[in-house]
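Have a look at the structure below before the remarks.
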Amino acid sequence: MNQYIWLNFLSKKLQAALMATALFCLFIPFGTKAQTNPTILVMGDSLSVEYGLVRGTGWVRLLEDQLQRQRSPWGIFNASISGETSAGGLSRLSKQLEQKKPGIVLLELGANDALRGLSIQESEKNLRKMIQLSKASGAKVLLFGMQIPPNYGQEYTKEFHDLYPKLARQEQVELVPFFLKNVASDINLFQADRMHPNEKAQVILFKNVWGAMAPYQTLLKSQ
């Protein structure tokens, strides 16, 4: 009888231990699912959404392909919208930062501000706020420098040109000095509208971006 009671006691102890172990194991999958790959968030305009191009040929896709070739754990979420202004990007950024929790933000905006003749001061305010919000979320920022033709007026053209390096310097973020470097001066690298780079130009745009991402190379190899 005593032996039966002892075996019964051990059986209940074993059941309790197994149940505790099972409950503990239930938490492991949740922890694993919560670990998602780090994200690069692209906030841009038509220059970043493959406007007029065959899908999968734009510079963002080329950047994604490069990350995959070097087996980087980082992924890309392209939140760019054709025709986007700095004000539009600012209005959407907080939600993107909250949902995607990016480690790096690529900020390619401002060209449409100039095309619409918006004030440099307004563009500066919006871009600065986007940089500050991104940094406050813990993300690093790569700002894309833009330039406009001289027919917008010498003063406006110079102020717009100087805006990006000034913001990068003051906010201490990385800069693509001129996103359209080696593209803007070659009409053969543009689509028929003479505003949007064609498929051949995308490799050059990618190289301009990838070169400016040199400070992130160690980060891009880690999770």
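Here the structure is a predicted model, which is why all the values come from computation and not from measurement.
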Would you mind reporting whether P197 and V183 have side-chain heavy atoms less than 4.5 Å apart? yes

What distance separates E98 CD from K101 NZ, expressed to the nearest 0.5 Å? 6.0 Å

Can K140 and E174 be counted as an ion pair, charged N to O under 4.0 angstrom? no

Heavy-atom pair with the smallest gap, counting every atom of G145 and L175: N-CD1, 3.9 Å

Flag yes if Y216 and V60 sit in one hydrophobic cluster, no otherwise; membership is Ile, Leu, Val, Met, Phe, Trp, Tyr, and two members link when side-chain heavy atoms are under 4.5 Å apart. yes

Working for side-chain contact (heavy atoms from CB on, under 4.5 Å), residues I204 and N208: CA-CA 6 Å; I204 302 174; N208 291 340; 4.1 Å; yes

Over 60° means perpendicular and under 30° means parallel, so classify the ring planes of W59 and F179, tilted if in between. perpendicular

For the pair L93 and M43, evaluate side-chain contact (heavy atoms from CB on, under 4.5 Å) and give the outcome as yes or no after the intermediate values. CA-CA 8 Å; L93 180 59; M43 296 291 295; 4.1 Å; yes

Would you find more than 12 non-hydrogen atoms of other residues, nucleotides or ligands less than 6.0 Å from K135 atom NZ? yes

Mark yes when over 12 heavy atoms from residues, nucleotides or ligands other than R194 sit less than 6.0 Å from its CZ; otherwise mark no. no

Sidechain-backbone polar pair: S222 side chain, L219 backbone, donor-acceptor under 3.5 Å: yes

Using 0.5 Å steps for rounding, measure from the NZ atom of K207 to the CD atom of Q66. 10.5 Å

Can you hop from M195 to L205 via hydrophobic side chains spaced under 4.5 Å? yes

Here's a test for you: under side-chain contact (heavy atoms from CB on, under 4.5 Å), which of V42, L143, N78 qualifies with L106? V42

Any chance you could measure L90, atom CG, to E84, atom CD, to the nearest 0.5 Å? 10.0 Å

Any side-chain donor paired with an acceptor under 3.5 Å for Q202 and R61? no

Donor-acceptor pair, distance only, cut-off 3.5 Å: does the side chain of D45 make one with the backbone of G110? no

Would the distance check show the side chain of S72 and the main-chain N or O of L220 forming a donor-acceptor pair, the cut-off being under 3.5 Å? yes

Take E122 and N126, measure what side-chain contact (heavy atoms from CB on, under 4.5 Å) needs, and give me the verdict at the end. CA-CA 6 Å; E122 189 68 18; N126 293 334; 4.0 Å; yes

Check: N112 side chain, T85 main-chain N or O, donor-acceptor pair, under 3.5 Å: no

Give me the atom names and distance for the closest heavy-atom approach of P102 to L97. CG-CD2, 3.7 Å

Ignoring hydrogens and angles, tell me if any N or O in the side chain of S80 forms a donor-acceptor pair with the backbone of G44 under 3.5 Å. yes

Quick check: closest heavy atoms across S48 and E108, and the distance to 0.1 Å? OG-OE1, 2.6 Å

Would you say R71's side chain and K221's backbone share a donor-acceptor pair under 3.5 angstrom? no

OG1 of T39 to CD of Q96, rounded to nearest 0.5 Å, is 11.0 Å

Taking a hydrophobic cluster as the set of Ile, Leu, Val, Met, Phe, Trp and Tyr residues connected by side-chain heavy atoms closer than 4.5 Å, whether directly or through intermediates, do Y51 and M146 fall within one such cluster? no

For the pair T157 (side chain) and P149 (backbone), establish whether a donor and an acceptor sit closer than 3.5 Å, ignoring hydrogens and angles. yes

Give a yes or no on whether I81 and L53 share a hydrophobic cluster (residues Ile, Leu, Val, Met, Phe, Trp, Tyr; joining criterion: side-chain heavy atoms under 4.5 Å apart). no

Out of E171, E159, E124, which one pairs with K166 under the salt bridge (Lys or Arg N to Asp or Glu O under 4.0 Å) rule? E124

Kindly check if the number of other-residue, nucleotide or ligand heavy atoms within 6.0 Å of CD (Q70) is above 12? yes

Is the backbone of T57 close enough, under 3.5 Å, to the side chain of E50 for a donor and an acceptor to pair up by distance? yes

Flag side-chain contact, heavy atom, 4.5 Å: V176 against L142: yes

Run the side-chain contact (heavy atoms from CB on, under 4.5 Å) test on K158 and D162 for me, step by step, so that the C-alpha distance in whole Å, both residues' side-chain angles and the decisive distance to 0.1 Å come before the verdict. CA-CA 6 Å; K158 184 179 186 306; D162 295 343; 2.7 Å; yes

Give the ring-plane orientation class for Y164 versus F160, where under 30° counts as parallel, over 60° as perpendicular and anything between as tilted. perpendicular

Nearest 0.5 Å, please: how far is CD1 in I40 from CH2 in W74? 6.0 Å

Measure the spacing between CD of Q191 and NE2 of H196 and express it to the nearest 0.5 Å. 7.0 Å

Are S123 and L163 close enough that some pair of their side-chain heavy atoms sits under 4.5 Å apart? yes

What pair of heavy atoms forms the shortest contact from G89 to L109, and how long is it? CA-CD1, 3.9 Å

Please say yes or no: joined through hydrophobic side-chain contacts below 4.5 Å, possibly via intermediate residues, are V49 and L41 part of one cluster? no

Quick check: closest heavy atoms across P215 and A212, and the distance to 0.1 Å? CD-O, 3.3 Å

